[in-house]
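All values below were derived from every heavy atom in this structure, side-chain atoms included, with hydrogens, water molecules and symmetry-related copies excluded. Throughout, residue positions are numbered sequentially from 1 according to the sequence presented. Order of listing sets the numbers, starting from 1, for every ligand and every atom in it.
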Amino acid sequence: MSGAVAFAVAQRLAGTVCVVTGAARGIGLAIAERFAAEGGRIACFDVGAARLDAAVTGLVERGIDARAYVADVGRREAVASAFEAVERDFGAPVGVLVNNAVWARFQPLAEVDEESVGRMFDVGLKGLIWTLQAAAPQMQRRGGGSIVNLSSTSALQALTHSTGYAAMKAGVLGLTRAAAVELSPMGIRVNAIVPGMIGTPASIAKFDEATVKARLASMPLARFGEPQEIASVAAFLASEDSRYVQGAEIVADGGWTIATR
Ligand SMILES: NC(=O)c1ccc[n+]([C@@H]2O[C@H](COP(=O)([O-])OP(=O)(O)OC[C@H]3O[C@@H](n4cnc5c(N)ncnc54)[C@H](O)[C@@H]3O)[C@@H](O)[C@H]2O)c1
């Protein structure tokens, strides 16, 4: 596994077909790597074709059973056909789904435009309904499954210029609970991870030095998280180790929200 963080890894996902959206980089790629290390077979969804191809080629070169699917999760038909292709290609139904893809804009309220907020909700909120619709019948056929949705501490604590993002990520929590209730009879669990500030290129580049310093000062663990530290939570939720956990949200933020809320 890449990165500085080392974990003891079991084979909790041996042979399981796992869909990870937004898997070309950042947290999604770390989740794909972690699931593969746990024996999972990985279907990587993303819109960035070149980046996705490079990421999946890197996984395959390390002997990982991974395939690339260029699919915009904001488009229902694209999602449905990608899930059909996954079952065909792997010869087995999907057992794990991680909704990680995001398209985000942080704007002052007065500048929020229809196109940006529409795209943000299409990818990060409506897209989850399309992936759940496509995944649930496959999971039901294999006798159950686990779905993990990425929310954010922005759903819990107020940050400036984040009305759209906060609404989207709070929506993910509501959707997670509603889907958990509805899909329980099919043996499908649906849970959410609520990450704080994770050190991905996209996240850190957004902030100036003063903001980064102030944020670190308000975090009990006094550091940003690593993508691999979110991937380890995802692996727990994806696996049978969490089999009595349903409709829950696990906050992984170094204590940021308990200290500032
Ligand atoms: N990085 C953080 O600090 C942080 C904090 C809290 C929550 N999160 C959440 O974790 C998840 C991953 O964050 P990240 O920082 O790794 O993001 P990122 O921006 O680095 O990666 C997101 C990936 O999603 C892909 N994507 C965008 N639109 C898509 C679409 N329509 N269909 C399919 N794929 C699409 C992008 O191409 C990209 O590869 C997101 O849901 C994010 O909101 C991140």
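- Scored by the side-chain hydrogen bond (donor to acceptor under 3.5 Å, both in side chains) test, Q140 finds no partners at all (sequence neighbours excluded).
- With respect to R119 and E115, no salt bridge is recorded, no charged nitrogen being found less than 4.0 Å from a carboxylate O.
- Because its NZ or CZ atom is both nearer than 6.0 Å to the ring centre of F7 and within 45° of the ring axis, R34 counts as a cation-pi partner of that residue.
- Listed by number with element, the atoms of ligand 1 under 4.0 Å from a non-hydrogen atom of Y165 are 7 (C), 8 (N), 42 (C), 43 (O).
- Checked against a 3.5 angstrom limit, the closest N/O atoms of T153 and ligand 1 fall outside it.
- In the vicinity of R51, heavy-atom distances shorter than 4.0 Å reach the ligand 1 atoms 36 (C), 37 (O), 38 (C), 39 (O).
- For P227, no heavy-atom contact with ligand 1 is shorter than 4.0 Å.
- Ligand 1 lies out of reach of G199, whose nearest heavy atom is not under 4.0 Å from it.
- Note on ligand 1: R75 sits outside its first shell, no heavy atom being nearer than 4.0 Å.
- Between R223 and E229, at least one side-chain N (NZ, or NE/NH1/NH2) sits under 4.0 Å from a carboxylate O, which counts as a salt bridge.
- Remark: ligand 1 and I198 share an N or O pair separated by less than 3.5 Å (distance only, no angle test).
- The hydrophobic cluster containing V70, built from Ile/Leu/Val/Met/Phe/Trp/Tyr side-chain heavy atoms closer than 4.5 Å, also comprises L52, V56, V60.
- Atoms of ligand 1 found under 4.0 Å from any heavy atom of R119, numbered from 1 in the order shown, are 31 (N).
- By the 30° and 60° cut-offs, the orientation of the rings of F45 relative to Y69 is tilted.
- For ligand 1, the atoms lying closer than 4.0 Å to a non-hydrogen atom of V123 are 28 (N), 29 (C), 30 (C), 31 (N).
- Proximity to G26 (heavy-atom distance under 4.0 Å) selects the following atoms of ligand 1: 16 (O).
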*Could you go step by step and tell me if I250 and F236 meet the side chain to side chain contact (heavy atoms under 4.5 Å, CB included) rule?*
CA-CA 11 Å; I250 298 185; F236 165 68; 4.0 Å; yes
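- Heavy-atom proximity to atom 27 (C) of ligand 1, evaluated over I31, D72, V102, V194, is greatest for V102.
- Remark: E87 does not engage R142 in a salt bridge, criterion side-chain N to carboxylate O under 4.0 Å.
- When atom types are taken as modelled, the side chain of K126 and the backbone of R75 share no donor-acceptor pair closer than 3.5 angstrom.
- Residue I27 has at least one N or O atom closer than 3.5 Å to an N or O atom of ligand 1.
- Residue G48 has no nitrogen or oxygen atom sitting less than 3.5 Å from a nitrogen or oxygen atom of ligand 1, judged on distance alone.
- Near G196, meaning under 4.0 Å from one of its heavy atoms, ligand 1 places the atoms 3 (O), 4 (C), 5 (C), 6 (C).
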- Task: Under the side-chain hydrogen bond (donor to acceptor under 3.5 Å, both in side chains) rule, what do T176 and N149 come out as? Steps first, then yes or no, please.
- Result: CA-CA 7 Å; T176 297; N149 298 327; 3.0 Å; yes
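- For a threshold of 3.5 Å applied to N or O pairs, the pair formed by W103 and ligand 1 contains no separation below that value.
- The distance from ligand 1 to the heavy atoms of A71 drops below 4.0 Å at these ligand atoms: 32 (N), 33 (C).
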